Peer 1: 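A single structure is presented below for examination.
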Amino acid sequence: MIWIVRNLWLIPALPALAAGLSALAKQRNRRFAASLAIGSMGLSFLLSLFAFAHALHVSGQGKQVIQVFNFPWLQYGGEWLKLGWMLDPLTSVMLVMVTFVGLLIFIYSTGYMAHDENFTRFFCFLSLFAAAMLGVVISNSLLLLFMCWELVGLTSYLLIGFWYHKPAAAAAAKKAFITTRIGDLAFLIGMVWLYSQAGTLLFYDQGTGCLERSALMGLVAQTTCIGMAASTGIALLIFAGAVGKSGQVPLHVWLPDAMEGPTPVSALIHAATMVAAGVFLIARVYPLMAAHGGTSLAISSTTALQVVTWIGAITAVFAALIAVAQDDIKRILAYSTVSQLGYMMMGLGVGGVAVGMFHLITHAFFKSLLFLGAGSVIHGCHEEQDIRRMGGLKKFMPITFATYATGMLALSGFPLFFSGFWSKDAILHAAQIWTISRVPFYLGTLGALLTAFYMTRQIYYVFLGESRLSDRHNMPHTKAVDHPEHSAPATPHESPVSMTVPLMILAGCAILLGFIGTPAWPWFDSFLSGQQATFNITGFLEGGILPVMLSSTVIVFVGLGLGWWLYGRKPIASADGPDALEQLQPQVFHLLRNKFYVDEFYQATFIRCNTWLSHLSDWFDRRIWNGAVWTVSYVVLGLSWLARSTDNYLVNPGFDEGCHTVTVGAKFLVRLQNGRTQNYLRLVGIAFAVLVVFLIWSGVR
């Protein structure tokens, strides 16, 4: 076996080692912690490139594209529980993406967090977070994946609540942790069910893995009491875990609140790592999601994939609508992330692994670019995050503006030159030919229009027009979110080189990456399927691709035009004035600004019910169970008092009296046995006299 496959564990192990060493370092060892984190991530990136080159070579030769290394981990009885890692095209692409984007975010963080007193601890958490995500990517065992999955949840809790002295950050961290645990519980149940049916949690193991033909056919053949195939039930439970991690409806509520963490954390969570883990999980277990009762395991629109499609399509539009009315620059991007994750899920459901994962890869670059760009804006505006109090930043921050505009166009799907156009169109084309329903296609089209609209709105509010930073001095409720101890002068400034260079690199990737998945050269699809990609310009004319491209282009320009019509024609004069969309439809705007009142609904239903149940449990504990415990304790105390009284007043006096009688008798016997011969003779004489008297008395009678 080639060296890189056997030693693939080094890729997550290096950042994990850096995290461990940073945890032992003192807070003043800032350069040591940053160097460890960046150096370990750089080495992991080089190893990932080596793994990618090997996967590319193997795929090009038409050989087995899935290479695994399994080992026994735990023995129970006569059975061994095995773990392992794997290298295939999907793994290699994800490794390169996570390590490269993570490396740029690490470098960016040295400038953004330069003045934070917990700089060392921040890089410790970042390294551990990256290690956990890389562990998810390489796992060939659902159990190992789940362990790394939970470690991702832990580190996200630590990073979202990094500024724990802020109540909002602490609450957001708890909300993220608890909400994702809901999905993870279903994931755990599905994993246990899968193990009980397949007898293994290894994905691939020489034909006996749980994603290989024999196991899948057995899962399809097994049915539940409601007639559902075991494969469908397990797939839906695993998907519930992905819903929580990737912020899909209805477990999306944690993800926008995660913006309370430092901006580099937002970029890492929302672009390359945590939220991508849910989409990656569905791509990894796709054979299980697509398993059906036919004679082959070809892609089929199974019940599980239909659920994935509908949840994704609804999420894409739902989150995009909310993003239209938000004012926090990071929160707009957060809801945009939720929407784009919905697109990825829809792509997996209607088009397969390559369609969904292509958008995941392109989104990782342009969304990390946008989040880091937002961090640069916040840094340059002295911690201001309300877009209503920005404006005119183009002339103060030209590099940030150029790179942010690149990310905005990529996210909006601007035609031909930006990666988001190609990956989004691949999803829309797959949805357009989906045989089950056309509704996801229409929802995806509406989501594309909304995306172009709210990103245009953000650009006009933040970068164009005149500066409104001075308006915030008249707004007592305005607060700085990211480093509240800093002062707030009104003059914005460009960010340092350590922050702008990663932005420029990501901007280049946001443009170039799209060309690996065009209809004329579908390299990404061919690579994941282990085939050779060929350039064919006629690919644009096949399968109705060109009409979808044209309609998508029109939709994007409509969204951009609406944004210009509402926010560009008339410059935004004041931060206090109503939004242009609010003036048109105030009730709808307030509904969107309040996020369809989903949090309030959860507060009034599930959380209130949980609170009521907790009070009921407390009442039972205090009144019933605690009363039962006290009753038992009083009974035990009464029995102990009775036992003590019996001992003190019955047993002890009787025993003492018996001892006294024995003592008196013993004293008498002591007098008889004193060792004097004359006393013994005297007793013998007395006894003889008594005997004579007795005999005489007996004779007289």
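Note that the structure is predicted; figures quoted are calculated from it, not measured.
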Peer 1: Quick one: does any side-chain atom of Thr179 pair with a main-chain N or O of Ala176 as donor and acceptor, under 3.5 Å?
Peer 2: no

Peer 1: Indicate every side-chain donor-acceptor pair of residues 48-56 with a distance under 3.5 Å to a residue at least two apart or in another chain.
Peer 2:
{"residue": "Ser48", "atom": "OG", "partner": "Ser44", "partner atom": "O", "Å": "2.7"}
{"residue": "His54", "atom": "NE2", "partner": "Gln67", "partner atom": "OE1", "Å": "2.6"}

Peer 1: Where do Ser552 and Asp425 come nearest, in terms of heavy atoms and distance?
Peer 2: OG-OD1, 2.7 Å

Peer 1: Going by the angle between their ring planes, with limits at 30° and 60°, are Phe187 and Trp149 parallel, tilted or perpendicular?
Peer 2: perpendicular

Peer 1: Where does the angle between the aromatic ring planes of Tyr343 and His359 fall among parallel (under 30°), tilted (30 to 60°) and perpendicular (over 60°)?
Peer 2: perpendicular

Peer 1: How many angstroms lie between atom CD1 of Ile66 and atom CZ of Phe203, to the nearest 0.5 angstrom?
Peer 2: 11.0 Å

Peer 1: To the nearest 0.5 angstrom, please state how far the CE atom of Met191 sits from the SG atom of Cys210.
Peer 2: 11.0 Å

Peer 1: Under the criterion side-chain contact (heavy atoms from CB on, under 4.5 Å), I'd like the reasoning laid out for Val350 against Val355: C-alpha separation, chi angles, the key distance, then a yes or no.
Peer 2: CA-CA 9 Å; Val350 299; Val355 174; 5.6 Å; no

Peer 1: Check for a donor-acceptor pair, side chain of Lys175 on one end and backbone N or O of Trp254 on the other, with a separation under 3.5 Å.
Peer 2: no

Peer 1: Tell me the closest heavy-atom pair linking Phe100 and Cys509, and the distance in Å.
Peer 2: CE2-SG, 3.8 Å

Peer 1: Between Ser246 and Val243 (side chain of the first, backbone of the second, donor and acceptor by atom type, cut-off under 3.5 Å), is there such a pair?
Peer 2: no

Peer 1: Grab the two heavy atoms, one from Leu513 and one from Ser419, that are nearest each other, plus how far apart they are.
Peer 2: C-CB, 4.1 Å

Peer 1: Ring centres of Phe421 and Phe414 under 6.0 Å apart?
Peer 2: no

Peer 1: Side-chain contact test, heavy atoms from C-beta onward, threshold under 4.5 Å: evaluate it for Val96 versus Ser92 and give yes or no.
Peer 2: no

Peer 1: Among Val98, Thr99, Leu151, whose side-chain contact (heavy atoms from CB on, under 4.5 Å) with Met133 holds?
Peer 2: Val98

Peer 1: Any sub-3.5 Å donor-acceptor pair from Thr362's side-chain atoms to Phe358's backbone N or O?
Peer 2: yes

Peer 1: What closest approach, in Å, do Leu219 and Leu288 show between heavy atoms, and which atom pair accounts for it?
Peer 2: CD1-CD1, 3.8 Å

Peer 1: Is any side-chain heavy atom of Glu212 closer than 4.5 Å to one of Leu216?
Peer 2: no

Peer 1: Quick check for you: to the nearest 0.5 Å, what is the distance between Leu370 atom CG and Phe365 atom CZ?
Peer 2: 13.5 Å

Peer 1: Does a side-chain heavy-atom distance below 4.5 Å link Gln340 with Leu360?
Peer 2: no

Peer 1: For the pair Trp85 and Trp9, name the ring-plane relationship: parallel under 30°, tilted 30 to 60°, perpendicular over 60°.
Peer 2: tilted

Peer 1: I'd like to know if the side chain of Thr302 reaches the main chain of Met289, judged simply by a donor and an acceptor atom lying under 3.5 Å from each other, with no hydrogens or angles considered.
Peer 2: yes

Peer 1: Side chains of residues 12-21: which donor-acceptor pairs under 3.5 Å do they make with residues two or more places apart or in other chains?
Peer 2:
none

Peer 1: According to the side-chain hydrogen bond (donor to acceptor under 3.5 Å, both in side chains) rule, which pairs have a member within residues 129-147, sequence neighbours left out?
Peer 2: Asn70-Asn140

Peer 1: Count the heavy atoms belonging to other residues, nucleotides or ligands that lie under 6.0 Å from OH of Tyr157, then report whether that count exceeds 12.
Peer 2: no

Peer 1: Can you tell if the side chain of Ile282 reaches within under 4.5 Å of the side chain of Met344, non-hydrogen atoms only?
Peer 2: no

Peer 1: Between Glu150 and Arg181, does at least one N-O distance fall below 4.0 Å, as a salt bridge requires?
Peer 2: yes

Peer 1: Within a strict 4.5 Å, meaning less than it, do heavy atoms of the Asp205 and Val68 side chains meet?
Peer 2: no

Peer 1: Distance from Phe366 atom CZ to Ser423 atom OG, nearest 0.5 Å?
Peer 2: 5.5 Å

Peer 1: Test your reading of the model: is there a side-chain donor-acceptor pair from Thr403 to the backbone of Leu503, 3.5 Å cut-off?
Peer 2: no

Peer 1: Counting only N and O atoms by type, is there a donor-acceptor contact under 3.5 Å from the side chain of Ser156 to the main-chain atoms of Val152?
Peer 2: yes

Peer 1: Identify the heavy atoms of Thr309 and Pro440 that sit nearest to each other, and give their distance.
Peer 2: CG2-CG, 4.0 Å

Peer 1: What's the spacing between Leu128 CG and Leu158 CG if we round to 0.5 Å?
Peer 2: 8.0 Å

Peer 1: Pairing donors with acceptors under 3.5 angstrom, does anything connect the side chains of Thr337 and Lys367?
Peer 2: yes

Peer 1: Assign the ring pair Tyr112 / Tyr108 to parallel, tilted or perpendicular, where the plane angle (0 to 90°) is split at 30° and 60°.
Peer 2: parallel

Peer 1: Please state whether the rings of Phe515 and Trp422 are parallel, tilted or perpendicular, taking 30° and 60° as the class boundaries.
Peer 2: tilted

Peer 1: Identify the two heavy atoms, one from Ala132 and one from Cys148, that lie closest to each other, and give their separation to 0.1 Å.
Peer 2: O-CB, 3.5 Å

Peer 1: Do the side-chain N and O atoms of Thr91 and Arg284 include a donor-acceptor pair separated by under 3.5 angstrom?
Peer 2: yes

Peer 1: How about Ile361 and Met94: do any of their side-chain heavy atoms sit closer than 4.5 Å?
Peer 2: yes

Peer 1: Measuring from atom CG of Leu87 to atom CD1 of Ile138, what distance do you get when rounded to the nearest 0.5 angstrom?
Peer 2: 10.0 Å

Peer 1: Would you say the ring centers of Tyr335 and His252 fall short of 6.0 Å from each other?
Peer 2: no

